[in-house]
Amino acid sequence: YLTKIKNYNKHFDDDIVLSGARYDLLISTVKRLKRLQRTVGYANFSLLGFDDGLKYARNYSRIGSFPKEEIDFLEEIFYTNADDYGFFGEKVTKNLTEHISGRKTIKVPHTGNYLFRGDSLKLYQKIRRDIGKTIVLTSGVRGVVKQMYLFLSKAVRSDGNLSMASRSLAPPGHSFHGRSDFDVGKVGYGYRNFSEDFAKTREFKRLEELGYIRIRYHKQNPFGVRFEPWHVKVST
């Protein structure tokens, strides 16, 4: 188990892997989701509900309507027991069509991301005050559609390996980004903000010293996910 989460980007014999026509379906679905994101915009895509996503796809020819087989595939991915992939975290969003109200969120300037009003926003503002402008929000609120796109895109990059994808990203419905949590990083650090390198930065050390880091996915977490030092846990 620990070997898997430590070597999260490696294939294992018991991984669930899509192949043949199923892999082709994965590719076509991810391409359509990518066109959907481009059409609605990166920030708005984070809040987009499933039903609204289908409506946008029908109304914009550059996206193209989701055919029945892609809709069925998305439903299957959402409602599959994530334990099958090797992900053992709580399912916090129960329904595929659950919608995040825009009134409950606020767009954070210069980040392209939203945060939930209340505890999440207050915590991020306090972190910025205490640590300074070198720390920034890298990912905030994620609805089902956004998490689905991230998860399936990782599966594409993993040659159809859904288990490998689940070691890097919570399957759709299981992400606490849909409830309260958010990610932070060091300004100018790029993709390294989403690697263990972030744990070596002054910003991370200050987060630890000031007690802001309660790591949801620590190095020996029971959820089947890689170590995420950038993930700020808000809700329990």
Throw together a table of side-chain donor-acceptor distances under 3.5 angstrom for residues 95-107, partners on residues two or more places apart or in other chains.
from	atom 1	to	atom 2	distance (Å)
Ser101	OG	Arg103	N	3.2
Thr105	OG1	Gly102	O	3.1

What donor-acceptor contacts under 3.5 angstrom involve side-chain atoms of residues 147-164, with partners at least two apart or in another chain?
from	atom 1	to	atom 2	distance (Å)
Gln147	OE1	Arg142	NH1	3.0
Gln147	NE2	Ala170	O	2.8
Ser153	OG	Tyr149	O	2.7
Lys154	NZ	Asn9	OD1	2.8
Ser158	OG	Lys154	O	2.8
Asn161	OD1	Ser163	N	3.0
Asn161	OD1	Met164	N	2.8
Asn161	ND2	His11	ND1	2.9
Asn161	ND2	Asp15	OD2	3.0
Ser163	OG	Ile16	N	2.9
Ser163	OG	Tyr85	O	3.1

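Interatomic distance, Arg32 CZ to Gln37 CD, rounded to the nearest 0.5 Å: 15.5 Å. Atom NE2 of His231 sits about 3.5 Å away from atom CG of Asp181, to the nearest 0.5 Å. Note: Glu203 CD to Glu208 CD = 13.0 Å, rounded to the nearest 0.5 Å. Interatomic distance, CG of Leu115 versus NE2 of His177, reported as 10.0 Å (0.5 Å rounding). The structure places OH of Tyr56 at 9.0 Å from CG of Leu36, a figure rounded to the nearest 0.5 Å. Rounding to the nearest 0.5 Å places NZ of Lys55 at 8.0 Å from CG of Asp51.
The shortest distance between side-chain heavy atoms of Gln220 and His218 falls below 4.5 Å. Between Arg22 and Phe73, the closest side-chain pair of non-hydrogen atoms falls below 4.5 Å. Side-chain contact between Leu74 and Thr29: present, with at least one pair of heavy atoms (C-beta onward) separated by less than 4.5 Å. When side chains are defined from C-beta on, Thr201 does not count as touching Trp230, because their heavy atoms never get closer than 4.5 Å. Two residues are said to be in side-chain contact when any heavy atoms from C-beta on lie closer than 4.5 Å; Ile77 and Pro172 meet this criterion. Within the 4.5 Å cutoff, side-chain heavy atoms of Phe194 are placed close to those of Asp183. Contact of the Val187 side chain with the Ile135 side chain is not registered, since no non-hydrogen atoms from C-beta on lie closer than 4.5 Å. Taking 4.5 Å as the limit, some side-chain heavy atom of Lys186 sits within range of a side-chain heavy atom of Asn193.
Ring pair Phe182/Tyr124 is perpendicular by interplanar angle, where above 60° counts as perpendicular and below 30° as parallel.
Cation-pi geometry between Lys94 and Phe78 is not met at under 6.0 angstrom from the ring centre and within 45 degrees of the axis. In this structure, Arg179 is not positioned above the aromatic face of Phe116 in the sense of NZ or CZ being under 6.0 Å from the six-membered ring centre and within 45° of the axis.
No more than 12 heavy atoms of other residues, nucleotides or ligands shown are found within 6.0 angstrom of OH on Tyr60. Other residues, nucleotides and ligands contribute over 12 non-hydrogen atoms within 6.0 Å of the NZ atom of Lys4. More than 12 heavy atoms of other residues, nucleotides or ligands sit less than 6.0 Å from atom CG of Asp83. The local environment of OH in Tyr191 is sparse, with at most 12 non-hydrogen atoms from other residues, nucleotides or ligands closer than 6.0 Å.
At a threshold of 4.0 Å, the pair Glu209-Arg206 counts as salt-bridged, since one of the basic side-chain nitrogens sits closer than that to a carboxylate oxygen. By the 4.0 Å N-to-carboxylate-O rule, Lys68 lies too far from Glu75 to be salt-bridged with it. Here Lys200 pairs with Asp197 in a salt bridge; the nearest charged N to carboxylate O distance falls below 4.0 Å.
In the hydrophobic clustering, Phe12 connects to no other residue, as no ILVMFWY side-chain heavy atoms lie under 4.5 Å from its own.
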Practice task
I would like to know whether Arg192 and Phe198 meet side chain to side chain contact (heavy atoms under 4.5 Å, CB included); could you show each step before the answer?
Solution key: CA-CA 6 Å; Arg192 296 175 71 187; Phe198 179 64; over 6 Å; no

Handout entry: Residues Ile131, Leu207; criterion side chain to side chain contact (heavy atoms under 4.5 Å, CB included); working and verdict
Key = CA-CA 8 Å; Ile131 296 179; Leu207 286 168; 3.4 Å; yes

Practice task
Carefully, step by step, assess Arg202 and Thr134 under the rule side chain to side chain donor-acceptor pair (under 3.5 Å).
Solution key: CA-CA 10 Å; Arg202 182 195 73 86; Thr134 60; 3.2 Å; yes

Exercise for the section: List the steps and the verdict of side chain to side chain contact (heavy atoms under 4.5 Å, CB included) for Arg167 and Arg226. Expected result: CA-CA 6 Å; Arg167 292 192 284 271; Arg226 63 174 171 160; 5.7 Å; no

